[in-house]
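Notes for the one structure printed next.
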2 protein chains.
Amino acid sequence: MSVGHTEVTDPAALSCAEDCGVRDVQDRLGDKWTVHVVVELSSGVRRFRELQRLVPGISQRMLTLTLRRLERDGLVTRTVHPTVPPQVEYELTATGYSMTRLIRALVDWSLDHRGIIAESRRAYDERREARP
Amino acid sequence: MSVGHTEVTDPAALSCAEDCGVRDVQDRLGDKWTVHVVVELSSGVRRFRELQRLVPGISQRMLTLTLRRLERDGLVTRTVHPTVPPQVEYELTATGYSMTRLIRALVDWSLDHRGIIAESRRAYDERREARP
DNA sequence: CCGTATCCGGAGCGATACTG
DNA sequence: CAGTATCGCTCCGGATACGG
């Protein structure tokens with residue numbers, strides 16, 4: 001089994017009945033904020049407030065939840081500095097950083113095909129509109 | 001840098017406020033059945049019933065919904081043969097097939113890191129249990 | 001500054017029943 | 001065989017208020 005092939009992917013990879021951890025990654029990649037947060041962290045250490053400014057639209061609650069999940073999965077470290085006012089820094093781990101390459105693949109594919117997808121949708125919807 | 005891709009190099013590509021199509025792909029990759037269905041279709045043409053057997057646990061309703069969305073996005077073609085009983089065949093388009101490479105990246109990354117993630121979770125949860 | 005607690009609407013998905 | 005139609009549950013995520 002070489003890498004960089006052009007042939008069919010092995011279906012058995014996903015057929016492991018218990019979803020062998022793929023589901024967990026899908027959940028993170030699929031949710032609303034994780035990808036954005038990881039992307040911001042990819043450029044270096046960030047504080048909580050800083051992240052909230054960098055990720056427009058995210059609420060305090062969702063930023064906390066997202067960071068906790070990343071921390072739990074070992075993708076992000078959280079360091080508290082016992083200062084006044086409190087200061088907490090977040091940073092990608094090696095694993096977290098390696099995920100940015102996966103995200104990159106996701107983004108590249110999306111950008112490469114967004115035109116085709118959009119056009120396909122437009123055509124599909126138009127076809128459907130004509131058949132009530 | 002990379003060849004054959006768009007010129008986007010900065011991960012901040014995700015910062016495009018309107019989510020430039022990445023959200024759509026995340027939604028498909030993140031939902032419960034799309035990846036499984038695409039993987040099964042990657043080995044060739046399949047009929048509806050066939051897919052339902054190949055993807056254990058999927059309901060008729062969800063298989064229909066999943067296939068419709070894939071068709072709408074131009075990732076799958078649907079051909080109806082006017083026979084009795086009816087016979088409908090699904091097949092990946094070139095775009096759909098190219099997505100299998102993205103899925104492969106997802107699966108590979110997940111398998112490579114599932115151990116570390118699982119262990120990190122175990123440790124995190126244990127730490128938390130000790131602090132009520 | 002950095003969180004946690006609570007309430008609530010909406011989307012995703014499963015179960016079931018019914019058609020051509 | 002290959003769908004469509006309904007109902008109901010669950011859980012994500014937004015808004016808001018409060019605490020260290």
Side-chain angles (χ1 to χ4, degrees), chain A residues 19 23-38 40-41 45-73 76-91 124 127-129 131-132, chain B residues 19 23-37 40-41 45-73 76-91 124-125 127-129 131-132:
Chain A
D19 252 329
R23 177 78 261 149
D24 296 323
V25 180
Q26 285 182 266
D27 287 342
R28 293 309 100 229
L29 250 49
D31 77 17
K32 195 166 180 183
W33 300 111
T34 297
V35 167
H36 289 280
V37 170
V38 170
E40 292 308 328
L41 285 174
V45 179
R46 297 289 177 202
R47 294 179 55 184
F48 189 90
R49 263 268 149 204
E50 212 172 349
L51 281 172
Q52 198 168 9
R53 275 190 302 269
L54 289 168
V55 181
I58 195 170
S59 66
Q60 207 163 29
R61 169 188 146 86
M62 287 317 295
L63 180 54
T64 300
L65 283 180
T66 303
L67 287 169
R68 286 298 173 279
R69 293 195 275 236
L70 287 170
E71 188 194 358
R72 187 169 106 99
D73 286 1
V76 157
T77 60
R78 175 175 179 268
T79 38
V80 182
H81 296 90
T83 62
V84 175
Q87 181 167 343
V88 182
E89 288 180 336
Y90 294 93
E91 187 174 15
Y124 182 93
R127 251 176 285 141
R128 292 252 134 180
E129 250 172 66
R131 322 252 159 142
Chain B
D19 254 330
R23 177 78 261 146
D24 295 323
V25 180
Q26 285 182 266
D27 286 341
R28 294 309 101 229
L29 250 49
D31 77 15
K32 195 165 182 182
W33 299 112
T34 297
V35 167
H36 290 279
V37 170
E40 292 307 328
L41 285 174
V45 179
R46 297 290 177 202
R47 294 178 57 183
F48 189 88
R49 265 265 148 202
E50 212 173 349
L51 281 172
Q52 197 168 10
R53 275 190 302 269
L54 290 168
V55 181
I58 194 171
S59 68
Q60 208 163 29
R61 170 188 146 86
M62 288 316 296
L63 181 53
T64 300
L65 282 180
T66 302
L67 287 168
R68 286 297 172 282
R69 292 195 276 236
L70 287 170
E71 189 194 358
R72 186 169 107 100
D73 287 0
V76 157
T77 59
R78 175 175 179 268
T79 37
V80 181
H81 297 90
T83 62
V84 176
Q87 182 168 344
V88 182
E89 288 181 335
Y90 294 92
E91 187 174 15
Y124 182 93
D125 293 344
R127 250 176 286 143
R128 292 252 134 180
E129 250 171 66
R131 322 253 162 147

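In what follows, chains are A, B, ... by sequence order, proteins preceding strands, each numbered from 1. Every heavy atom of this structure was used, including side-chain atoms; hydrogens, water molecules and symmetry mates were not.
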Is the shortest side-chain heavy-atom distance between [X] and [Y] below 4.5 Å?
X: A:L70; Y: A:V37; result: yes
X: A:R68; Y: A:R78; result: yes
X: A:Q52; Y: A:I58; result: yes
X: A:V55; Y: A:L63; result: no

Rounded to whole angstroms, how far apart are [atom1] on [X] and [atom2] on [N]?
X: A:Q52; N: C:dC2; atom1: CD; atom2: C1'; answer: 10 Å
X: B:R78; N: D:dC1; atom1: CZ; atom2: P; answer: 16 Å
X: B:R128; N: C:dG3; atom1: CZ; atom2: P; answer: 10 Å
X: A:H81; N: C:dC2; atom1: NE2; atom2: P; answer: 12 Å
X: A:D31; N: C:dG12; atom1: CG; atom2: P; answer: 14 Å

From the options [options], select the nucleotide whose nearest atom is closest to the side chain of [X].
X: A:P86; options: C:dC13, D:dG20, C:dT4; result: D:dG20
X: B:M62; options: D:dA2, C:dC1, C:dG14; result: C:dG14
X: A:Q60; options: C:dT4, D:dG14, C:dC1; result: C:dT4
X: B:R68; options: C:dC2, C:dG14, D:dG3; result: D:dG3
X: A:P85; options: C:dG3, C:dC1, D:dG3; result: C:dC1
X: A:S59; options: D:dC1, D:dG14, C:dG14; result: D:dG14
X: B:K32; options: D:dG13, C:dG14, C:dT4; result: C:dG14

Sugar-phosphate, base or nothing in reach of B:R53, heavy atoms under 4.0 Å: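 Since no nucleic acid heavy atom lies under 4.0 Å of B:R53, the category is nothing.
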Along DNA chain D (nearest heavy atom to each residue), the more 5'-positioned of B:F48 and B:R61: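 This one resolves to B:F48.
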Can you tell me if the side-chain N/O atoms of [X] get under 4.0 Å from OP1 or OP2 in [N]?
X: B:Y90; N: D:dG3; result: yes
X: A:R28; N: D:dC12; result: no
X: A:R49; N: C:dC1; result: yes
X: A:R47; N: C:dC2; result: yes

Atom pair CG/NE2 of A:D31 and A:H36 - distance to nearest 0.5 Å: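 Here the rounded value is 9.5 Å.
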Ionic contact status for A:R23 with A:D27, cut-off 4.0 Å: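 Answer for the salt bridge query: yes.
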Pair B:R28 + B:D24, salt bridge at N-O below 4.0 Å: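 No.
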Donor-acceptor contact present, side-chain B:E91 to main-chain B:L41, <3.5 Å: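 Side chain of B:E91 to backbone of B:L41, a donor-acceptor pair under 3.5 Å: no, none is there.
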Bending between helix ends of the helix from C:dC1-D:dG20 to C:dG20-D:dC1 [5 pairs per end, 10° resolution]: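 If I round to tens, the end axes sit 40° apart.
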